[in-house]
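Inspection log for the structure reproduced underneath, given as structure tokens.
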Amino acid sequence: TVPMDGSPVEAGELLLVGGNGHKGGQFDSARDAVEDLHAWTAAHFPGAEPTHAWSAQDYQALDRVPYVGPMPRGGDHIYVATGFDKWGMTNGVAAGLALSAQILGGQMPWAETLKTRSTTAAGVGEAIAVNVDVAVNLAKDWVNAELNALPEEPPAEGEGVVGRGANMKPEGVSTVDGLTCRVSAICTHLGGVLRWNNAERSWDCPLHGSRYDARGALLEGPAVTDLKVLE
């Protein structure tokens, strides 16, 4: 257990600190978010030494309830479990039970909530707000990329920048482990302009959360293909 008075923990114990949640690709500096957690920890748990830092990407349903069941228009042949919203350890188990019951014809009344969706005014309003946010980011980032040419000098180690390339389309240049790479900065999902994640050193899409490594290889969907490597 961790002492509640903020005193240092004993040797061999670990403290897990989380926070600074945000939409993927929509944070000015992911590294600043991590450093802020380090500062908070140092203030509240003096003596604690950081060992690891990472980010988790989670899907969230509009009504905050995971969807577990047949995929719409899948002909009852494709089943999906998604929208765990950071509760994968428990919802993953519940999803496994629910899916096996659906496929094998079992009865689990509590699981009906997970595969049933009804349209509400609140849900429609939030869906509109999400799509407005997507449209705003799409337009803004395309304009910014086209107005700003890429710098002549390569970025510093661990940094990346997006700007207008030679073909007048957004390109991304980054330097990771001493290697400078130039890739298309257009997400292969729906054309969003990517942003550099300076904590995980990846290209992240602010529209739907697709992520690519510095060399353009796909890390996470909904995109399904890599970025085009330009150099």
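For the pair Pro222/Tyr59, a side-chain contact is recorded, criterion being any heavy-atom separation below 4.5 Å from C-beta on. Residues Val183 and Lys228 fail the side-chain proximity criterion, which asks for heavy atoms closer than 4.5 Å. Looking at Glu153 and Pro151, their side chains never come closer than 4.5 Å, going by heavy atoms from C-beta outward. The shortest distance between side-chain heavy atoms of Val162 and Arg195 does not fall below 4.5 Å. Two residues are said to be in side-chain contact when any heavy atoms from C-beta on lie closer than 4.5 Å; Ser184 and Glu171 fail this criterion. Between Val80 and Leu99 there is no side-chain heavy-atom pair separated by less than 4.5 Å. Looking only at side-chain heavy atoms (C-beta outward), Arg211 and Glu200 come within less than 4.5 Å of each other.
For the side chain to side chain contact (heavy atoms under 4.5 Å, CB included) with Glu159, the lone residue among Val176, Asn198, Thr175, Val173 that qualifies is Asn198.
Between Trp40 and Phe45, the ring planes lie tilted relative to each other; the angle falls in the 30° to 60° range.
Heavy atoms only, all atoms of each residue included: Ala33 and Asn20 are closest at O-ND2, 2.8 Å. Val17 and Thr41 get closest at one heavy-atom pair: CG2-OG1, 3.5 Å. The heavy-atom pair separating Trp203 from Ala214 by the smallest distance is NE1-O, 3.9 Å. Residues Leu207 and Gly192 share a closest heavy-atom pair of CD1-CA, 3.4 Å. For the pair Thr225 and Thr188, the tightest heavy-atom approach, listed with the atom from each and the gap, is O-OG1, 2.9 Å. Heavy-atom minimum distance, Val34 versus Ala53: CG1-CB, 3.9 Å.
The CG atom of Leu194 sits 5.5 Å away from the CG atom of Leu227 when rounded to the nearest 0.5 Å. Taking CG from Leu14 and OG1 from Thr51, the interatomic distance works out to 6.0 Å, rounded to the nearest 0.5 Å. Between the OH atom of Tyr212 and the OG atom of Ser202 there is a distance of 11.5 Å, given to the nearest 0.5 Å. Here the CG-NZ distance, from Leu230 to Lys169, works out to 11.0 Å after rounding to the nearest 0.5 Å. From Ser174, atom OG reaches atom CG of Asn197 across 11.5 Å, with rounding to the nearest 0.5 Å. If you take CD on Glu35 and OG on Ser29, they are separated by 7.0 Å, rounding to the nearest 0.5 Å.
Judged by distance alone, with hydrogens and angles left aside, the side-chain atoms of Ser210 form a donor-acceptor pair with the main-chain N or O of Ala223 at under 3.5 Å. Side chain of Glu157 to backbone of Asp177: a donor-acceptor contact under 3.5 angstrom is found. A donor-acceptor pair under 3.5 Å is absent between the side-chain atoms of Glu220 and the main chain of Gly209, judged by distance alone.
Summarising the local packing, CH2 of Trp54 is surrounded by 12 or fewer heavy atoms from other residues, nucleotides or ligands at distances under 6.0 Å.
Note on Val65 and Tyr79: same hydrophobic cluster, where clusters join Ile, Leu, Val, Met, Phe, Trp and Tyr whose side-chain heavy atoms are under 4.5 Å apart, directly or indirectly. Following chains of ILVMFWY side-chain contacts shorter than 4.5 Å, one can reach Val193 starting from Leu218, so the two form part of one hydrophobic cluster. Under the 4.5 Å side-chain contact rule for hydrophobic residues, Leu179 and Val229 do not share a cluster. Under a hydrophobic-cluster definition in which Ile, Leu, Val, Met, Phe, Trp and Tyr are linked whenever side-chain heavy atoms come within less than 4.5 Å, directly or via other members, Ile78 and Tyr67 are assigned to the same cluster.
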